[in-house]
Enquirer: 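Before we start, here is the structure in question, set down as structure tokens.
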2 protein chains.
Amino acid sequence: MPERSTRAMIVEKADTLFYEGGFEATSFADIAAVVGISRGNFYHHFKTKDDILDAVIARRIEQTRGMLALWEAEGDGPRARILSFIRMLIANRAKIMAFGCPVGTLCSELAKLDHGAQGRAAEILGLFRDWLAGQFRALGAGDRAEALALHVLSWSQGVAVMASAFRDETFLHSEVAGIEAWLSTVPDPAPLT
Amino acid sequence: MPERSTRAMIVEKADTLFYEGGFEATSFADIAAVVGISRGNFYHHFKTKDDILDAVIARRIEQTRGMLALWEAEGDGPRARILSFIRMLIANRAKIMAFGCPVGTLCSELAKLDHGAQGRAAEILGLFRDWLAGQFRALGAGDRAEALALHVLSWSQGVAVMASAFRDETFLHSEVAGIEAWLSTVPDPAPLT
DNA sequence: GTCTATAAGCTGATAGAC
DNA sequence: GTCTATCAGCTTATAGAC
């Protein structure tokens with residue numbers, strides 16, 4: 001299936017370019033140049049730029065599902081699984097300091113563009129929220145599981161924004177340590193939220 | 001000074017458009033249409049689009065300084081002053097849910113564009129950080145004042161990203177309540193950070 | 001200080017040869 | 001399935017009349 005290969009390559013490169021340069025600022029010419037095809041050929045695979053965005057979001061949803069399933073399978077208990085999520089901030093720190101969180105920044109950009117795909121992009125955050133809520137439930141958080149999940153997700157989004165604004169790796173590490181310390185108090189965290 | 005008036009109007013309208021639609025997606029034509037001048041006239045006041053961005057950032061820095069000075073003058077003690085900052089999230093909730101935080105989203109966009117003004121935009125966050133750190137010092141936080149300031153700033157950035165991604169006002173209110181509850185434990189906050 | 005007219009280049013998108 | 005050639009429209013930016 002040579003067709004699927006080229007198409008998959010376009011989506012993969014577009015994903016990276018949308019992340020590192022933004023959706024609107026990335027042109028067909030940019031993607032075509034990286035993939036190594038002509039602009040004309042492009043339209044054999046995708047009719048509009050929005051179609052590429054849809055494919056990129058679908059790819060990210062699929063990859064997120066795969067990652068969550070992996071953490072679910074490999075993590076030794078819910079606390080360790082939540083740590084897998086938090087430590088993404090460390091594992092991807094170079095890219096996060098340069099470009100922020102791929103999902104958070106895409107949601108922000110699409111919101112400003114008043115783009116119809118904004119809701120679908122937010123679904124990726126929803127996958128993390130639901131998975132994290134499941135882990136907190138397993139920790140005995142009960143009704144507060146979803147609020148705790150949103151809190152961790154929100155905290156990590158804030159860290160990503162700040163780390164990229166200030167390009168400050170020390171801050172990133174100390175906030176991750178803060179999240180981990182907070183997590184050790186769950187399911188009975190102090191005053192929060 | 002009729003010149004300054006037109007120039008000031010351009011900066012004011014550009015500020016709003018950059019916030020609500022993004023810097024790159026906003027064209028000279030968009031700004032000119034809102035201000036009510038021709039595109040040609042535009043270049044009498046600003047030579048390049050980057051010049052407008054510089055002016056917008058300078059305006060935001062000035063307005064932030066003014067706001068911080070007001071909170072400083074009117075706030076009844078450091079705890080009340082920090083609450084003034086936190087409650088911006090509530091006061092501006094409609095715009096935050098639609099477009100995120102004006103400063104955080106601008107920093108994120110400029111980072112992706114690899115724009116030279118990114119550092120200047122981050123200075124606005126720096127103003128908040130330094131002011132908050134001063135308040136935490138006044139609360140007796142000592143050496144941890146700056147870390148606590150960054151934590152509040154980061155927390156509020158995360159809330160802004162999540163509130164706009166999910167368009168969820170309930171979440172926004174409950175996180176603000178969480179920040180306030182956490183603040184009441186300072187200068188001796190639990191496990192944190 | 002504001003306007004119209006215009007330039008050169010990039011944008012997303014199309015048509016049609018191979 | 002990939003290419004070249006082309007389109008209309010928009011972009012930032014300039015020149016020059018009033």
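Order of the sequence lines fixes the chain letters, A, B, ..., with proteins taken first and strands second; residue numbering starts at 1 for each chain. Computed from a predicted structure; not experimentally measured.
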Enquirer: For B:F136, check ring-ring contact (aromatic ring centres under 6.0 Å, His included) against everything at least two apart and list the hits.
Expert: none
Enquirer: Tell me the interatomic distance from A:D51, atom CG, to C:dG12, atom P, rounded to whole angstroms.
Expert: 13 Å
Enquirer: Can you measure A:M9 atom CE to D:dT2 atom P for me and round it to whole angstrom units?
Expert: 10 Å
Enquirer: Applying salt bridge (charged side-chain N to carboxylate O under 4.0 Å, His left out), can you list everything that pairs with A:R65, at least two apart in sequence or on another chain?
Expert: none
Enquirer: Counting C-beta onward and ignoring hydrogens, is there a side-chain heavy-atom pair between B:H115 and B:D50 closer than 4.5 Å?
Expert: yes
Enquirer: Is it true that A:E109 and B:K112 have a side-chain N and a carboxylate O under 4.0 angstrom from each other?
Expert: no
Enquirer: If you link ILVMFWY side chains whenever their heavy atoms are less than 4.5 Å apart, which other residues fall into the same cluster as B:V161? By chain and number, please.
Expert: A:V161
Enquirer: Could you give the angle between the helix axes at the two ends of the helix from C:dG1-D:dC18 to C:dC18-D:dG1, with five pairs per end, rounded to 10 degrees?
Expert: 0°
Enquirer: Give the table of side-chain donor-acceptor pairs shorter than 3.5 Å for residues 67-75 of chain B, with sequence neighbours excluded, one pair per line with atom names and distance.
Expert:
{"from": "B:E72", "atom 1": "OE1", "to": "B:W131", "atom 2": "NE1", "distance (Å)": "2.9"}
{"from": "B:E72", "atom 1": "OE1", "to": "B:Q135", "atom 2": "NE2", "distance (Å)": "2.9"}

Enquirer: Near DNA chain D, counting only heavy atoms under 4.0 Å, which residues of residues 18-27 of chain B show up?
Expert: B:T26, B:S27
Enquirer: Check side chain to side chain donor-acceptor pair (under 3.5 Å) between B:D114 and all other residues, then give those that pass, not counting sequence neighbours.
Expert: none
Enquirer: By side chain to side chain contact (heavy atoms under 4.5 Å, CB included), which residues pair with B:E169, not counting sequence neighbours?
Expert: B:R93, B:M97, B:H173
Enquirer: So, is B:T6 near the phosphate of C:dG1, with a side-chain N or O under 4.0 Å from OP1 or OP2?
Expert: no
Enquirer: Check salt bridge (charged side-chain N to carboxylate O under 4.0 Å, His left out) between B:R60 and all other residues, then give those that pass, not counting sequence neighbours.
Expert: B:D15
Enquirer: What is the distance, to the nearest angstrom, from the NZ atom on A:K47 to the P atom on C:dA15?
Expert: 12 Å
Enquirer: Side-chain donor-acceptor contacts of residues 24-33 of chain A below 3.5 Å, not counting sequence neighbours, with atom names and distances?
Expert:
{"from": "A:T26", "atom 1": "OG1", "to": "A:L17", "atom 2": "O", "distance (Å)": "3.3"}
{"from": "A:T26", "atom 1": "OG1", "to": "A:G22", "atom 2": "O", "distance (Å)": "2.7"}
{"from": "A:S27", "atom 1": "OG", "to": "A:A29", "atom 2": "N", "distance (Å)": "3.4"}
{"from": "A:S27", "atom 1": "OG", "to": "A:D30", "atom 2": "N", "distance (Å)": "3.1"}
{"from": "A:S27", "atom 1": "OG", "to": "A:D30", "atom 2": "OD2", "distance (Å)": "3.2"}
{"from": "A:D30", "atom 1": "OD2", "to": "A:S27", "atom 2": "N", "distance (Å)": "3.0"}

Enquirer: Can you measure A:Y43 atom OH to D:dT4 atom P for me and round it to whole angstrom units?
Expert: 16 Å
Enquirer: Keeping to residues at least two apart or across chains, list the ring-ring contact (aromatic ring centres under 6.0 Å, His included) pairs with something in residues 77-99 of chain B.
Expert: B:Y19-B:F99, B:F85-B:F128
Enquirer: Please pick, from C:dG12, C:dT2, D:dT2, the nucleotide with the shortest atom-to-atom distance to any side-chain atom of A:H44.
Expert: D:dT2
Enquirer: Tell me which residues in residues 28-42 of chain B put a heavy atom below 4.0 Å from DNA chain C, sorted by number, or none.
Expert: B:I37, B:S38, B:G40, B:N41
Enquirer: Rounding to a whole Å, what distance do you find between B:H45:NE2 and C:dC3:C1'?
Expert: 12 Å
